[in-house]
Amino acid sequence: MTSPDYSSLDPCVHCGFCLPACPTYLATGDEADSPRGRIVLMRALERGEIGPTDAALLQHLDACLGCVGCEPVCPSGVGYGRGIQTAREQLFGTRRLPPLATAVLAVFRRDWLWRPAFTLARWLRATGLPATFASGGRAGFGMGMLAASAPAPSPKPNAGAPALLRSALAGSAGGAATSVPPSVHTHGAPRPGAAPTSAAPADTAVGAPATASAAPTVALFRGCVMDTLFAHVHDATRRTLEVNGYRVVEVERQVCCGALHEHAGDRAAAEALARQNVEALTDSADWIVVNSAGCGALLKAYGHLLDTDAAAALAAKVRDVSELLAERGPHPGGELSLEVAYDAPCHLQHAQRVHAAPLAVLEAIPGVRLRILPSSDKCCGSAGIYSVLRPAMARAVLDLKIESFAAATPHPDVVATGNPGCLMQIGAGLRAAGLPIRVMHPVEILDESYRRGGLYREPAAAGGSGSGGNG
């Protein structure tokens with residue numbers, strides 16, 4: 001058996017620059033809850049000086065959020081993220097995870113479990129009960145997280161659903177569409193076996209390319225939480241990309257990205273899910289677009305995870321939605337008079353090193369007053385299933401961020417962040433603090449700007465009768 005590889009930790013000189021960047025250290029003040037302290041523990045584990053069942057070792061390594069906020073500030077270039085992942089994989093093989101963690105990871109391995117579960121959650125959300133019973137207690141905070149996943153109310157009645165590039169699909173049978181693999185469906189076509197999106201297709205992008213061959217193709221990675229609780233963000237992603245000249249295609253046989261399993265140290269499960277996604281997405285489009293920072297970070301690391309040419313080639317084509325939109329400008333829309341505070345997801349700014357693109361998207365929206373608050377680069381405490389398994393620490397980390405929002409003058413109207421866990425965690429925290437601030441994905445804000453600017457149009461109704469939005 002290959003020995004665990006901790007070589008990414010070799011450059012560490014124990015300087016301590018990482019301490020103020022670590023959210024768990026800021027919350028506890030305990031050196032063992034800092035990257036420097038955890039590196040000492042990992043080295044002791046590597047040398048056999050501490051056993052893999054040592055309670056203190058497990059406590060402090062499990063308490064790491066995996067945000068890798070320590071890496072950008074490290075002057076020596078320590079690969080802390082690779083090190084903590086190695087430790088978790090080593091520990092996974094020698095201990096049993098808590099029953100709750102085991103159950104959650106088992107659900108996310110199987111589409112036939114997580115999809116019905118999140119569909120039920122979406123139905124509960126639609127009753128309004130989660131918003132009513134959201135509070136600061138553990139159960140109430142969970143209700144607040146579910147309520148925060150709901151689409152923000154739109155001032156226009158036609159909330160719409162995926163924009164349709166009908167003109168791009170109307171070419172001859174021998175056109176570019178025929179080169180799309182059988183598992184790929186151009187946007188607007190039925191998706192066999194897929195869960196229904198938030199509404200029936202209603203809008204068409206104005207000014208989109210007239211032919212399919214004129215636009216680069218983009219395959220949307222649907223994921224699990226995003227494809228169920230955040231289907232409205234998928235819809236906004238399709239619409240905004242199409243306005244900016246991309247042709248969105250739908251790819252079947254996708255599964256969960258595997259990030260939750262990888263973070264827990266279950267490498268075998270993460271690899272199995274990654275292989276399915278590589279098989280499904282290979283040769284599907286020019287780009288693979290992701291609107292979840294956590295999913296995107298792992299998809300971009302599939303080459304390292306699987307160590308195959310096919311995985312590396314796919315990973316090289318993965319882009320966050322903000323990267324593709326910023327590359328095209330993005331196209332300006334209608335004016336929105338909003339105070340927007342951008343909050344950077346850890347796996348976008350630290351793991352993917354994407355900083356400028358989300359800001360460019362938001363700055364392109366007329367009327368938006370973009371603000372970067374002091375806590376914008378700090379973790380919110382969500383960290384996959386961390387907030388479910390360690391709610392007290394997750395709330396302690398979140399409180400530092402909520403305090404920053406509460407102290408802002410004036411309060412932002414919207415907090416914009418590009419990850420589902422962050423949207424839910426921050427949204428629940430704002431509700432618990434009594435702050436009337438919405439949380440939205442950046443593409444939702446751009447989508448509303450496009451709607452107000454008239455960049456979407458409804459196709460003419462059959463028989464000349466009027467049609468209304470059903471959103």
Side-chain angles (χ1 to χ4, degrees), residues 151-168 187 201-211 214-218 220 232-248 286-287 289-291 293 319-345 348 354-372 376 410 412-418 423 438-459 469 471:
S154 171
K156 290 205 172 189
N158 180 22
L164 296 176
L165 286 180
R166 297 189 188 278
S167 58
H187 177 53
D203 292 334
T204 301
V206 174
T211 63
T217 55
V218 176
L220 174 63
H232 53 283
V233 176
H234 276 350
D235 293 346
T237 297
R238 295 180 182 101
R239 285 191 292 261
T240 54
L241 285 172
E242 287 169 344
V243 165
N244 284 279
Y246 297 97
R247 184 166 65 95
V248 182
D286 299 318
W287 303 105
V289 66
V290 189
N291 50 25
R319 296 291 185 273
D320 184 75
V321 61
S322 65
E323 293 181 275
L324 292 181
L325 289 170
E327 186 176 305
R328 295 300 181 99
H331 193 292
E335 183 172 349
L336 298 177
S337 181
L338 289 174
E339 296 277 344
V340 176
Y342 175 65
D343 201 83
L348 189 61
V354 175
H355 302 278
L359 300 177
V361 170
L362 293 169
E363 288 171 342
I365 302 173
V368 162
R369 295 173 294 282
L370 183 60
R371 300 164 64 187
I372 308 297
S376 66
D413 301 306
V414 175
V415 173
T417 190
L423 287 162
R438 290 181 294 165
V439 183
M440 299 175 68
H441 196 290
V443 298
E444 289 185 274
I445 306 174
L446 182 64
D447 183 54
E448 180 57 34
S449 172
Y450 285 176
R451 194 179 312 284
R452 291 198 183 188
L455 274 72
Y456 303 141
R457 59 170 179 249
E458 285 190 273

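Residue numbers count from 1 along this sequence.
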side-chain contact (heavy atoms from CB on, under 4.5 Å) for E448 and L338? Distances and angles first, verdict last. CA-CA 12 Å; E448 180 57 34; L338 289 174; over 6 Å; no
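- Nearest heavy-atom pair across A416 and P442 is CB-CG, 4.3 Å.
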Before you tell me yes or no, could you show the steps for V361 and V443 under side-chain contact (heavy atoms from CB on, under 4.5 Å), namely the whole-Å CA-CA distance, both residues' side-chain angles and the distance that decides it to 0.1 Å? CA-CA 8 Å; V361 170; V443 298; 5.7 Å; no
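- Note: L325 CG to R319 CZ = 13.5 Å, rounded to the nearest 0.5 Å.
- The two atoms that bring E444 and A152 nearest to each other are OE2-N, 4.0 Å, heavy atoms only.
- Atom CG of L359 sits about 5.0 Å away from atom CD1 of I372, to the nearest 0.5 Å.
- Residues P330 and T240 fail the side-chain proximity criterion, which asks for heavy atoms closer than 4.5 Å.
- Side chain of S337 to backbone of G367: no donor-acceptor contact under 3.5 angstrom is found.
- One finds the CD atom of E339 at 10.0 Å from the CG atom of L370 (value rounded to the nearest 0.5 Å).
- At a threshold of 4.5 Å between non-hydrogen side-chain atoms, the residues P410 and R371 count as touching.
- For S449 (side chain) and G334 (main-chain N/O), a donor-acceptor pair under 3.5 Å exists by modelled atom type.
- Of all heavy-atom pairs between H331 and N244, the closest is N-OD1, 2.7 Å.
- Atom CG of residue N291 and atom OG1 of residue T237 lie 4.0 Å apart, to the nearest 0.5 angstrom.
- Atom-to-atom distance recorded for L336:CG and R369:CZ is 10.5 Å, nearest 0.5 angstrom.
- Heavy atoms only, all atoms of each residue included: L455 and P332 are closest at CD2-O, 4.0 Å.
- The heavy-atom pair separating M440 from L423 by the smallest distance is C-CD2, 3.5 Å.
- A distance-only check finds a donor-acceptor pair linking the side chain of T417 to the backbone of D343 [under 3.5 Å].
- With hydrogens and angles left out, the side-chain atoms of D447 and Y456 include a donor and acceptor closer than 3.5 Å.
- The minimum heavy-atom distance between Y246 and L324, with the atom names listed, is OH-O, 2.8 Å.
- The main-chain N or O of R239 is never found under 3.5 Å from a side-chain atom of Y450 such that the two would form a donor-acceptor pair.
- Going from atom OH of Y342 over to atom CD of E363 covers 11.5 Å, rounded to the nearest 0.5 Å.
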